[in-house]
Amino acid sequence: MHTQNQRLLAALGYLLRKPVKALKAIHRDRFAARYWETYVAERYAASPALAKGLPQVDILDLFPEFEETVTPFAMLEASATPMDVALLKQLAQRFEHCDYLEIGRWRAESLVNVASVSRSAVSLSLSPEQMHQTGFDRTMIGQDGFFINRMAATPNIECIDCDTQTFDFASLDRKFDLIFVDGDHHSAAVRQDTRNVFKLLRDERSVIVWHDYAESPERVRWPVYAGILDGCPEELRGNLCHVSNTLCALFTREPLNTQHRSFAMTPQSSFEVSLRGRRLPPAG
Ligand SMILES: C[S@@+](CC[C@H](N)C(=O)[O-])C[C@H]1O[C@@H](n2cnc3c(N)ncnc32)[C@H](O)[C@@H]1O
């Protein structure tokens with residue numbers, strides 16, 4: 001039977017068996033942003049600074065000489081933005097031999113970019129079969145790992161097909177300098193990924209970046225933010241910030257100047273954007 005029909009039947013069964021819970025879940029999905037914003041406000045009421053979103057660090061405070069090239073980049077949907085990828089590349093280059101872990105690959109734009117400035121890059125992402133079961137469209141599944149397959153050799157990339165919600169992270173048996181969380185964006189899944197990746201940090205300099213902490217550089221994406229806060233060890237929540245001009249949250253132990261900013265922000269910096277397109281060779 002078609003997977004979508006199976007999921008529909010399962011949902012109907014759940015609605016009949018547990019109507020109150022099911023209706024609550026439907027309400028939560030329908031009004032996710034408001035639901036999770038209220039959740040954060042109530043759960044973190046004792047830390048009013050966190051309840052309104054993360055404090056922001058200016059990307060030019062992090063990298064005063066900020067200049068980066070992002071390639072390959074498809075300029076299509078569902079990837080990190082060029083600024084997000086540039087942030088990751090800049091962070092990776094702070095380490096002499098960066099070991100990079102990424103959750104969520106899709107076309108592998110962030111993966112191939114960061115691998116180009118890292119010693120090693122490990123990708124944890126759903127297998128095509130798991131993507132199918134989760135309800136991803138066939139055309140999307142066909143794009144999985146696109147830039148790994150189409151670029152020059154990327155021998156330092158290791159792809160592990162898995163569902164990170166059930167994956168045994170201890171089996172990786174190694175630590176990482178830079179970790180990028182960009183898999184399942186549901187709050188509970190972000191919480192679980194966050195709990196797991198904190199255990200994989202190599203040392204005091206190691207950092208974590210979460211994609212889609214924000215839905216635009218000016219607005220919080222509340223379900224993801226709730227997952228980050230819930231998954232972050234309590235004593236380290238003060239080390240979280242939003243990197244300006246990106247969709248990313250950052251965990252770092254580096255002392256940073258941060259301030260709360262919200263829509264509509266007055267620009268503090270101006271960036272230069274230079275674009276060049278090249279046709280990809282036909283698939284071999
Ligand atoms: C937004 S895309 C990643 C985009 C990529 N990081 C980039 O910027 O180029 C999300 C990816 O997460 C994967 N994913 C979703 N749920 C997952 C899970 N539970 N475990 C592992 N990967 C998951 C999807 O298969 C998809 O490849």
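Because the structure is a prediction, the values reported are computed rather than measured. Atoms within each ligand, like the ligands themselves, are counted from 1 in listed order.
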Location of contacts on Arg105 toward ligand 1, heavy atoms closer than 4.0 Å | backbone
At under 4.0 Å between heavy atoms, which part of Met131 makes contact with ligand 1: side chain, backbone, both or neither?
-> side chain
Salt bridge check: are [X] and [Y] linked by an N-O gap of less than 4.0 Å?
X      : Y      : value
Asp184 : Arg191 : no
Arg107 : Glu77  : no
Arg174 : Asp99  : no

Check this for me - ligand 1, [X], N or O atoms closer than 3.5 angstrom, yes or no?
X      : answer
Asp163 : yes
Ala80  : yes
His185 : no

Nearest protein heavy atom with distance in Å, relative to [atom]:
atom                    : result
atom 2 (S) of ligand 1  : Trp106 CB, 3.8 Å
atom 1 (C) of ligand 1  : Ala78 O, 3.3 Å
atom 13 (C) of ligand 1 : Ser125 OG, 3.6 Å
atom 22 (N) of ligand 1 : Leu126 N, 3.2 Å
atom 4 (C) of ligand 1  : Asp182 OD2, 3.4 Å
atom 21 (C) of ligand 1 : Cys162 O, 3.3 Å
atom 20 (N) of ligand 1 : Thr164 N, 3.0 Å
atom 11 (C) of ligand 1 : Gly104 CA, 3.5 Å

Can Glu102 and Ser110 be counted as having a side-chain donor-acceptor contact under 3.5 angstrom?
-> yes
Just checking, any donor-acceptor pair under 3.5 angstrom between side chains of Trp210 and Thr194?
-> yes
Enclosure of Asp203 CG (heavy-atom neighbours >12, cutoff 6.0 Å) = yes
Arg94 atom CZ: more than 12 heavy-atom contacts under 6.0 Å = yes
Pull out every atom of ligand 1 sitting under 4.0 Å from any heavy atom of Glu109, numbered as shown with elements.
-> 9 (O)
Atom indices of ligand 1, in the order listed, that fall short of 4.0 Å to a heavy atom of Ser79 | 8 (O), 9 (O)
Please name the residue in the list Phe263, Trp36, Tyr213 that meets the side-chain contact (heavy atoms from CB on, under 4.5 Å) test with Val220.
-> Tyr213
What's the verdict on ring-ring contact (aromatic ring centres under 6.0 Å, His included) for Phe73 and Phe147, showing C-alpha distance, side-chain angles and the deciding distance?
-> CA-CA 9 Å; Phe73 199 72; Phe147 281 108; 8.5 Å; no
Step by step, would you call Asp230 with Arg43 a salt bridge (charged side-chain N to carboxylate O under 4.0 Å, His left out)?
-> CA-CA 9 Å; Asp230 289 351; Arg43 175 102 167 72; 3.8 Å; yes
